[in-house]
Amino acid sequence: MRMSKLYLPTLKETPAEAEIKSHQLMLRAGLMRKLSPGIFSYLPLGYKVIKKIEKIIREEMDKTSSQEVLLPVMQTSKIWQDSNRWEKFGPIMIRFKDRKEHEYCLGPTHEEVITDLIKDELRSYKDLPLNLYQIQTKVRDEIRPRFGVMRSREFIMKDAYSMDEDYSGLDKSYQEMYDAYVKIFDRLGLKTHIVEADSGAMGGKDSHEFVLIAEAGEDDIVLCDNCDYAANIELAGSYLAKQTVSQDIKKKKLIDTPDIKTIQGLENFLNIDGSQMIKTMLMKVDDQLIVVLVRGDDQLNEVKLANFLQATTIEPAEEEDIFEVFNVKAGFIGPLGIEEYQIIADQRVKYLRNVVCGANIVDKHFKNINPGRDFAVDDYHDLRTVQQGDCCPECDKGHLKIKSGIELGHIFKLGTKYSESMGATYLDENGREQPVVMGSYGIGVTRIVAAAIEQSNDQNGIIWSKSIAPYQIIILPLGNNEEVQKTAKNIYEYFKKMDVEVLIDDRLERAGVKFNDADLIGIPLRITLGSRSLQNNVIELHNRQTGQDYEISLDNYKIEIKKFLSELK
RNA sequence: CGGGCUGUAGCGCAGUUUGGUAGCGCACUUGCUUUGGGAGCAAGGGGUCCUCGGUUCAAAUCCGAGCAGCCCGACCA
């Protein structure tokens with residue numbers, strides 16, 4: 001491609017709206033432009049990168065038993081009502097009506113469509129297993145789109161759906177996708193961690209995320225520094241030391257805590273650590289009020305609580321509810337004397353002795369409170385969010401690190417959630433009707449572009465890996481010496497003929513402009529030639545990945561550069 | 001939805017406090033010079049100053065309402 005013809009508007013200055021590196025560079029390098037918040041147009045260079053990512057995903061998916069389809073963006077409300085998600089998905093779905101007043105949405109995901117698609121065609125266990133995938137734009141009315149393409153309202157996603165007779169079939173399908181994902185991310189040159197994850201709104205059982213560690217990531221993941229334990233913080237297990245409680249049990253005491261409503265306030269006022277307190281919270285769990293206790297220095301993990309209670313919605317209770325249950329405002333609430341409500345506590349609460357908690361009286365707390373003696377707990381469970389430095393729940397020896405990462409892929413075992421509600425069944429060998437057992441497998445295509453840039457850039461711009469670079473070679477003829485122009489063109493034509501993706505900067509620009517743009521757009525190999533180098537019968541080669549420079553004789557540049565091409569990462 | 005900030009040329013911004021001819025840098029056009037890491041000089045083009053309303057002889061500037069964008073939070077692949 002000749003750069004004089006390429007629609008590549010690069011920016012010298014960083015747009016003010018872009019916070020993170022990838023967002024800045026995607027705008028500056030002319031990969032995309034914003035239409036409105038979270039909605040982008042992809043320009044030739046950006047779209048070329050997207051197509052390369054899609055190609056790798058396609059190739060690896062086609063090696064599995066999955067087959068590509070294309071499903072609609074515009075979806076009728078009916079299928080969403082069938083799966084009971086029309087209400088549940090909430091405002092994240094863009095909804096609208098057609099001229100006949102029929103309701104539609106723009107697909108935020110495709111479980112419903114795929115289930116609807118297969119339910120009329122699948123008759124027999126002989127039709128299974130089946131695995132279909134698509135690469136499609138999804139639309140979600142995100143509360144707050146940000147970080148460019150990282151959290152956008154329109155994004156391209158590869159999603160696959162597996163359908164099996166039973167759970168052992170699902171396990172196989174899941175493993176096949178898991179293995180394919182490992183290959184895909186490897187080929188993309190992305191160093192991803194595979195972490196245990198929560199299946200969240202999608203529903204289902206096992207789940208893994210493929211996460212790239214990056215400052216800009218929105219996902220917190222937990223890694224052990226000793227073993228290979230890795231999990232999303234939403235479900236990372238909490239280590240519970242073998243407890244020996246030897247402390248004497250002291251007598252309960254009411255104490256004055258004027259206007260002290262927070263754990264930190266109590267720490268300062270009483271000069272006691274948060275670990276010697278009980279934090280009481282009232283949660284609204286699927287419209288039911290439940291009292292939840294954690295240690296004062298712990299944070300409640302709502303995902304763990306939701307999973308334990310098999311709840312779909314969890315939110316902090318309203319002020320009125322708190323008053324109704326405890327007869328006091330937040331800040332002084334405690335678990336004593338509220339037997340008519342269910343009390344659930346984090347497992348670490350069980351081993352607390354002589355601690356502080358709210359007294360359900362304004363400006364008062366209790367001292368020397370002991371679970372069991374002073375109040376009853378209906379259930380103890382792991383409900384706290386793990387913290388940096390915690391002991392590893394897996395190996396017992398290592399300590400946990402918390403890192404932010406970018407979620408690039410997510411695979412779920414859905415089970416029969418959708419097939420049951422939507423009637424996707426088949427007849428088994430005994431002629432009995434059974435729901436199809438499903439799995440769901442997503443990869444964020446556009447997000448990968450951003451992640452790749454986050455992983456690899458420097459102060460001059462993007463540094464693409466070989467597999468997704470829009471072009472492999474960029475040729476910079478400097479000056480307007482005719483011999484230079486002619487030679488550059490010959491080299492360009494040669495690589496074009498060899499099917500190497502090559503750019504030539506034939507613009508009437510100064511050397512500095514060409515160098516800077518070449519760096520900015522991150523092409524792995526740069527060939528420079530000017531009258532100076534031509535006099536010595538050489539061309540200059542710069543490797544963007546290693547930063548190294550070479551002089552290569554014009555007589556054997558074809559072989560030499562081919563070698564460099566094959567050595568690219 | 002709550003909190004904070006911002007809307008002035010394609011981009012980055014000043015001007016708003018104290019009302020009085022709409023500016024700077026980059027980019028763009030033309031000419032000359034220059035030509036190996038974002039050139040120099042000269043001449044030029046480009047504005048509903050977010051919108052609507054109000055105050056005033058006079059509004060980018062003051063007042064009111066609205067809209068949009070960005071950041072933080074809740075939420076989320």
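Atom set for the values below is all heavy atoms of this structure, side chains included, hydrogens, waters and symmetry mates excluded. Since the structure is predicted, the reported quantities are computational estimates derived from the model, not experimental observations. In what follows, every chain begins at residue 1, and chains take the letters A, B, ... in the order their sequences are listed.
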Enquirer: Who is the Watson-Crick or G-U wobble partner of B:G69, with both distances under 3.5 Å?
Expert: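 In the structure as shown, B:G69 has B:C5 as its Watson-Crick or wobble partner.
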Enquirer: Can you tell me, in whole Å, how much space there is between the C1' of B:G12 and that of B:A58?
Expert: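 Nearest-Å result for B:G12 against B:A58 at atom C1': 31 Å.
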Enquirer: For B:U34 and B:G15, measure between their P atoms and round to the nearest Å.
Expert: 41 Å
Enquirer: If you look at every strand shown and take non-hydrogen atoms under 4.0 Å, does A:E407 touch a base, only sugar-phosphate, or nothing?
Expert: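 Since only primed, P, OP1 and OP2 atoms lie under 4.0 Å of A:E407, the category is sugar-phosphate.
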Enquirer: Given B:C75, B:G69, B:G25, identify the nucleotide with an atom nearest to the side chain of A:E13.
Expert: B:G25
Enquirer: Does B:C41 have a Watson-Crick or wobble mate here (both distances under 3.5 Å), and if so which one?
Expert: B:G31
Enquirer: One character per nucleotide, please: for nucleotides 33-47 of chain B, 5' to 3', B when the base has a protein heavy atom closer than 4.0 Å, S when only the sugar-phosphate does, - otherwise.
Expert: -B-BBBB--------
Enquirer: Establish, from distance only, whether the side-chain atoms of A:Y104 and A:S77 form a donor-acceptor pair under 3.5 Å.
Expert: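 Distance-only check fails for A:Y104 and A:S77.
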Enquirer: What nucleotide, of B:C72, B:C70, B:C13, holds the atom closest to the side chain of A:R144?
Expert: B:C72
Enquirer: Taking atom P in both B:A14 and B:A9, what distance in whole Å separates the two?
Expert: 12 Å
Enquirer: For a quick check under 3.5 Å, do A:S421 and A:N84 share a side-chain donor-acceptor pair by atom type?
Expert: no
Enquirer: Working to the nearest 0.5 Å, report the span between CZ of A:R153 and OG1 of A:T137.
Expert: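 Separation between the atoms: 14.5 Å.
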Enquirer: Please measure how far the P atom in B:C28 lies from the corresponding atom in B:G38, and state the result in whole Å.
Expert: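 Straight-line distance between the two P atoms is 16 Å.
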Enquirer: With rounding to the nearest 0.5 angstrom, report the CZ to CD1 distance, A:R526 to A:I539.
Expert: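 The CZ atom of A:R526 sits 12.5 Å away from the CD1 atom of A:I539.
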Enquirer: Using 4.0 Å as the upper bound for N to carboxylate O, is an ion pair formed by A:E60 and A:R187?
Expert: yes
Enquirer: When the nearest nucleotide of RNA chain B is assigned to A:D219 and to A:I143 on a heavy-atom basis, which residue is associated with the more 5' position?
Expert: A:I143
Enquirer: Nearest 0.5 Å, please: how far is CG in A:L529 from CD in A:Q485?
Expert: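 Output value for this atom pair is 8.5 Å.
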Enquirer: Please step through side chain to side chain contact (heavy atoms under 4.5 Å, CB included) for the pair A:E111 and A:R85, ending with a clear verdict.
Expert: CA-CA 11 Å; A:E111 280 86 6; A:R85 288 212 294 181; 3.1 Å; yes
Enquirer: Atom CG of A:D206 and atom CG of A:L414: how far apart are they, to the nearest 0.5 Å?
Expert: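 It comes to 11.5 Å.
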Enquirer: How is A:E19 classified with respect to the nucleic acid when contacts are heavy atoms under 4.0 Å: base, sugar-phosphate, or nothing?
Expert: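 Counting heavy atoms under 4.0 Å across all strands, the contact made by A:E19 is with sugar-phosphate only.
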Enquirer: Taking RNA chain B as the partner, which of residues 29-36 of chain A come within under 4.0 angstrom of it by heavy atom?
Expert: A:K34
